[in-house]
Amino acid sequence: MSQQQISLPAKLINGGIAGIVGVTCVFPIDLAKTRLQNQRPGQQVYKSMMDCLVKTVRSEGYFGMYRGAAVNLTLVTPEKAIKLAANDFFRHHLSKDGKGLTVVKEMLAGCGAGMCQVIVTTPMEMLKIQLQDAGRLAAQQQKPKPVMMSPTKLVATNAVLSRSYNSGSVVTAPRTATQIAKELIHTQGIQGLYRGLGATLMRDVPFSIVYFPLFANLNRLGKPSPEESSPFYWAFLSGCAAGSIAAVAVNPCDVVKTRLQSLNKGAGEETYRGVTDCVSKILQKEGPSAFLKGAGCRALVIAPLFGIAQVMYFVGVGEYIMDNFPLSLLAA
């Protein structure tokens, strides 16, 4: 057991595979979550998650639901790997003589995992959100326009998508993650990719503090005996339950993070100077219920993501790869 706990390469592989499989399955729901969270009163393009997905397919095609998936799939492997491996690493070092951890120590391990993962999570979310929200901005600008419109004006309307970096000037939105990253680094330096870091920490640290202890205790209920592991289906259900509860609990922080990281604004949409300014303006203009926007979508995204991750750990794909394809063979 102790050897398995400190097998970080195997856990990195497990976390990476789980992230890729999970993101591929639930990315359309994540896209709907981002677009619903960015909507303002009186400017709703989508009524619900299903309405968002249907309209996205109609206007952007099937692959429109996967806009921004490439950057997520590229970075989700290190992001999920760091999160899951860091939690196990901290749990291992906080335990004494193989004894179980107290709830406080489980929360500390989760806190450490959440703080480690933002190194990758923040730039990944920053780039993903710009790509996911582009379709909403285009649909919002087309919505108030009369049906009878000349082709020249329609092309012009579609081309002008956003304001840039809260400056109020209108520019053509970058179309790829690479273009967005290059423009951010050119105009703001590397810190441009870490816009919303504080809000990301506010979301991910509490999420990990809630998720990991909750999963550990739910999973423990399914063990036939203290020496045996719980069945794989119980690990999956425990991951889903803990993930969805933690996701809904921190959804207000996710709304703030999404708003802060959205560089491109629609007509009449306000900009924010920071976390406090964002929270204040949302409360004043949209009310407390705005902090629950996309909560259902987020629960549907996170639940299978972490359920799949825990099944990967249970099956031990990483351990199998490390046992049959050791690093020494790869280096030879």
Side-chain angles (χ1 to χ4, degrees), residues 30-40 68 71-72 75-76 78-80 82-83 86 110-133 136-137 162-166 177 180-181 184-185 187-211 243 245-266 269-299 301-302 305:
D30 187 60
L31 179 137
K33 181 221 52 144
T34 296
R35 293 186 177 184
L36 289 171
Q37 286 182 339
N38 269 328
Q39 290 192 137
R40 272 53 162 191
V71 65
N72 221 34
L75 296 179
V76 74
E79 191 258 352
K80 285 291 179 289
I82 290 172
K83 185 187 190 81
C111 178
M115 294 182 69
C116 289
Q117 77 170 86
V118 296
I119 297 172
V120 176
T121 302
T122 305
M124 178 183 75
E125 292 278 311
M126 184 73 184
L127 299 176
K128 181 193 72 172
I129 285 172
Q130 315 315 313
L131 296 168
Q132 285 182 328
D133 204 38
R136 181 190 68 87
L137 294 170
S162 61
R163 296 187 187 92
S164 177
Y165 314 122
N166 297 336
I180 296 171
L184 281 170
I185 293 173
T187 57
Q188 303 180 26
I190 193 67
Q191 64 266 29
L193 291 174
Y194 283 87
R195 178 184 179 132
L197 175 62
T200 306
L201 281 167
M202 284 175 54
R203 182 197 68 172
D204 289 344
V205 171
F207 176 91
S208 296
I209 289 175
V210 173
Y211 171 78
I245 292 171
V248 173
V250 302
N251 194 76
C253 299
D254 190 57
V255 172
V256 173
K257 182 197 72 66
T258 299
R259 295 286 183 90
L260 287 174
Q261 289 186 323
S262 297
L263 299 176
N264 303 327
K265 306 292 182 181
E269 292 182 356
E270 65 285 327
T271 58
Y272 309 105
R273 296 188 300 273
V275 172
T276 304
D277 182 55
C278 182
V279 172
S280 176
K281 286 182 177 178
I282 291 175
L283 281 174
Q284 290 177 5
K285 298 183 179 181
E286 302 173 57
S289 62
F291 291 106
L292 293 178
K293 285 185 177 180
C297 293
R298 182 161 165 77
V301 169
I302 297 298
L305 260 178

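Any value given below was found using the heavy atoms of this structure, including those in side chains, with hydrogens, waters and symmetry copies removed.
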Gap between atom CZ of Arg273 and atom OG of Ser280 - 0.5 Å precision: 8.5 Å
Quick one: does Arg40's side chain get under 4.5 Å of Glu270's, heavy atoms only? yes
Please report the closest heavy-atom contact between Thr122 and Gln261, naming both atoms and the distance. O-NE2, 3.5 Å
Atom NZ of Lys33 and atom CG of Leu36: how far apart are they, to the nearest 0.5 Å? 10.0 Å
Hey, is the main chain of Val256 close enough, under 3.5 Å, to the side chain of Arg203 for a donor-acceptor pair? no
Rounded to the nearest 0.5 Å, what's the gap from CD1 on Ile180 to CD on Gln130? Could you check? 5.5 Å
Would you say the side-chain atoms of Lys281 pair up with the backbone N or O of Thr271, donor to acceptor, closer than 3.5 Å? yes
Check: Tyr194 and Ile119 side chains under 4.5 Å, non-hydrogen atoms: yes
In the structure I gave you, are the side-chain heavy atoms of Asp254 and Arg298 within less than 4.5 Å of one another anywhere? yes
Note: Pro78 and Val120 closest approach over all heavy atoms is CG-CG1, 4.2 Å
State, with a plain yes or no, whether a side-chain heavy atom of Asn264 is found less than 4.5 Å away from one of Asp133. no
Minimum side-chain heavy-atom gap Lys293-Glu286 below 4.5 Å: yes
For Leu260 and Ala199 the tightest heavy-atom approach is CD1-CB, 3.9 Å
What one should report as the nearest heavy-atom pair of Val205 and Gly114 is CG2-C, 4.0 Å
Considering only heavy atoms from C-beta outward, does the side chain of Leu184 approach that of Met126 to under 4.5 Å? yes
Between the side chains of Ser262 and Asn38, is a donor N or O closer than 3.5 angstrom to an acceptor N or O? yes
Taking the side chain as C-beta and beyond, is there a heavy-atom pair between Asp204 and Thr121 under 4.5 Å? yes
Do the non-hydrogen side-chain atoms of Val275 and Met202 ever get within less than 4.5 Å of each other? yes
Salt bridge Arg136-Glu269, side-chain N to carboxylate O under 4.0 Å: yes
Considering all heavy atoms, the nearest Ile282-Phe291 contact: CG2-CZ, 3.7 Å
How long is the span from the CD atom in Gln132 to the OG1 atom in Thr34, to the nearest 0.5 Å? 3.5 Å
Pairwise distance CG(Leu31) to CG(Leu131) - rounded to 0.5 angstrom: 10.0 Å
Under 3.5 Å, is there a donor-acceptor pair between the Ser208 and Lys83 side chains? yes
To the nearest 0.5 Å, what is the distance between CZ (Arg35) and CD1 (Ile129)? 12.5 Å
Write down the atom of Ile302, the atom of Gly243, and the distance for their closest heavy-atom approach. CG2-O, 3.3 Å
